[in-house]
K.L.:
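Dropping the structure in here first, questions after.
Throughout, protein chains are lettered first and strands after them, A, B, ... in sequence-line order, and every chain is numbered starting at 1.
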Amino acid sequence: MKGTVQTEPHPATDGRAGREYVSPEVNISETKDGYLLEAEMPGVNKEGLEITLEGNEITIVGHRENEVVKGVPLFRERTLADYRRVFELDPAIDTARIAAKMDQGVLSLTLPKSERVKPRKITVD
Amino acid sequence: MHSLTRWQRPELSTWPGFGRLTDLRDEIDRLFESPLAELTRTSHLLSGWTPVLDLYEDKDNLFVKVELPGMKREEIDVSLHEGSLSISGERKSEQKHQDAEVYRAERFFGRFQRTVMLPTPVAADKVKAQYKDGILTIALPKTEEAKPKHIDVNVS
């Protein structure tokens with residue numbers, strides 16, 4: 001089936017406005033009712049989330065909360081860059097009903113399909 | 001001055017998305033992704049989940065921050081044993097729909113463990129841990145003996 005949720009070719013870093021972004025890791029699955037997209041964005045809460053729809057593209061941006069870090073780093077593995085990733089939407093998605101939820105750094109995006117494209121059973125008289 | 005060791009359980013067999021990742025579509029998509037992201041994902045395949053960790057120090061405390069998105073408080077275990085701090089747990093996959101078709105499986109589910117040798121002795125009974133926005137923050141107050149001492153020099 002054509003038109004799944006696809007990633008843009010260069011999601012990992014983006015030099016736009018001089019800002020560096022990291023690409024969140026995602027799980028995407030499809031059911032007959034729609035898609036579920038889960039993105040890992042530790043350090044981001046509801047307020048730091050920015051989701052924009054433009055044409056058939058959805059952009060997810062996660063701004064990390066400004067962490068107050070006390071002391072000097074002895075060892076660092078974490079990056080403090082914001083998150084950004086763009087997905088191309090299946091035209092079957094009803095963009096008016098997209099819903100987002102943020103829980104412990106994981107964004108869950110529900111992308112329902114519009115009623116007219118859902119499989120229907122046609123009864124034979 | 002400090003030593004830190006990583007310890008991780010090799011769990012290749014529990015990688016849930018292994019089969020899907022070999023899909024041709026994914027392979028083509030992945031060709032366009034950055035080499036860095038690719039490296040991170042490949043290391044997942046080889047070693048399971050190694051949550052990233054930071055260690056900070058100030059005069060009175062050590063602070064550890066670990067990224068553990070999407071867990072429940074009770075699934076995270078923090079323990080201190082002879083100067084080494086262990087953070088372990090298991091992130092369970094919530095498969096909501098049995099009939100779902102998976103397009104991308106980049107998130108890791110399963111067990112993890114990180115162990116850090118602490119550079120100074122800490123007061124085990126005063127350690128505090130907080131889990132917020134998918135980040136675990138552990139504050140470990142140093143023992144009195146470990147704190148830097150200020151000695152006044154009297155000039156006569």
K.L.:
Quick check on side-chain contact (heavy atoms from CB on, under 4.5 Å): which of B:Leu85, B:Asp60, B:Leu55 does B:Leu140 satisfy it with?
P.N.:
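Looking at B:Leu85, B:Asp60, B:Leu55, the match for B:Leu140 under the side-chain contact (heavy atoms from CB on, under 4.5 Å) is B:Leu85.
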K.L.:
With only heavy atoms counted, which part of A:Val44 is less than 4.5 Å from chain B, the side chain, the backbone, both or neither?
P.N.:
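Looking at A:Val44, just its backbone touches chain B.
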K.L.:
Name the option with the most non-hydrogen atom pairs under 4.5 Å to chain A; the candidates are B:Asp54, B:Asp58, B:Val52, B:Leu68.
P.N.:
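Looking at each option in turn, the highest pair count goes to B:Asp54.
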K.L.:
Do B:Lys92 and B:Lys72 have side chains that get closer than 4.5 Å, going by heavy atoms?
P.N.:
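Counting from C-beta outward, B:Lys92 and B:Lys72 never come under 4.5 Å.
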K.L.:
Give, for atom CD1 of B:Ile135 and atom CZ of A:Arg78, the distance between the pair rounded to the nearest 0.5 Å.
P.N.:
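That separation rounds to 4.0 Å.
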K.L.:
Give me the ring orientation class for A:Tyr35 and B:Tyr103: parallel if the planes are under 30° apart, tilted from 30 to 60°, perpendicular past 60°.
P.N.:
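A:Tyr35 vs B:Tyr103 ring planes: tilted.
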K.L.:
Given a strict heavy-atom distance threshold of 4.5 Å, which part of B:Lys65 is in contact with chain A: side chain, backbone, both, or neither?
P.N.:
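Interface part for B:Lys65: both.
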